[in-house]
Amino acid sequence: MQQVFVKFDDVDQVRSFVNVVNSVEANFELGSGRRIVDPKSILGVFALDLARPQKLVCDSDDSAMLEKIGPFLVGERAG
């Protein structure tokens with residue numbers, strides 16, 4: 001399992017992120033606090049407070065996934 005923080009600057013970044021996540025064969029959760037959504041759903045992602053970084057949890061240990069979402073990563077891995 002991997003946990004990272006992602007942040008988006010505009011609508012195009014959200015659209016690109018959702019496309020990248022959909023291309024990965026793994027289960028994901030995105031959110032903060034009690035609001036957790038499926039990041040493979042663009043409507044789910046837009047339901048979050050995108051002004052703040054959101055925690056992305058992935059059940060895959062594939063390092064290639066981190067390379068794919070690299071443009072959206074913020075700070076260090078959440079551990």
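Residues meeting the ring-ring contact (aromatic ring centres under 6.0 Å, His included) test with F28, sequence neighbours left out: none. By the side chain to side chain donor-acceptor pair (under 3.5 Å) test, N27 is found to be paired with D59, residues two or more places apart in sequence or in another chain being considered. Among residues two or more places apart in sequence or in another chain, the side chain to side chain donor-acceptor pair (under 3.5 Å) test is passed with D9 by none.
Looking at every heavy atom in both residues, V74 comes nearest to V6 through CG2-C, 3.9 Å. The shortest non-hydrogen separation linking L73 to L66 is CD1-O, 4.1 Å.
Using the six-membered ring where Trp is involved, F8 and F72 have ring planes that are tilted, between 30° and 60° apart.
Sorted by first and then second residue, the pairs that involve residues 13-25 and meet side chain to side chain donor-acceptor pair (under 3.5 Å), not counting sequence neighbours, are D12-R15. Each ring-ring contact (aromatic ring centres under 6.0 Å, His included) pair with one or both residues in residues 46-66, not counting sequence neighbours, would appear here, but there are none.
When side chains are defined from C-beta on, V57 counts as touching M1, because their heavy atoms get closer than 4.5 Å. In this structure the side chain of I69 never reaches within 4.5 angstrom of the side chain of V24, judged on heavy atoms.
Remark: the backbone N or O of S60 is paired with a side-chain donor or acceptor of Q2 at under 3.5 angstrom. Side chain of K7 to backbone of A51: a donor-acceptor contact under 3.5 angstrom is found.
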Using distance only, find each side-chain donor-acceptor pair of residues 31-38 under 3.5 Å and give its atom names and separation, not counting sequence neighbours.
from, atom 1, to, atom 2, distance (Å)
S32, OG, Q54, OE1, 3.4
R35, NH1, A47, O, 2.8
D38, OD1, K40, N, 2.9

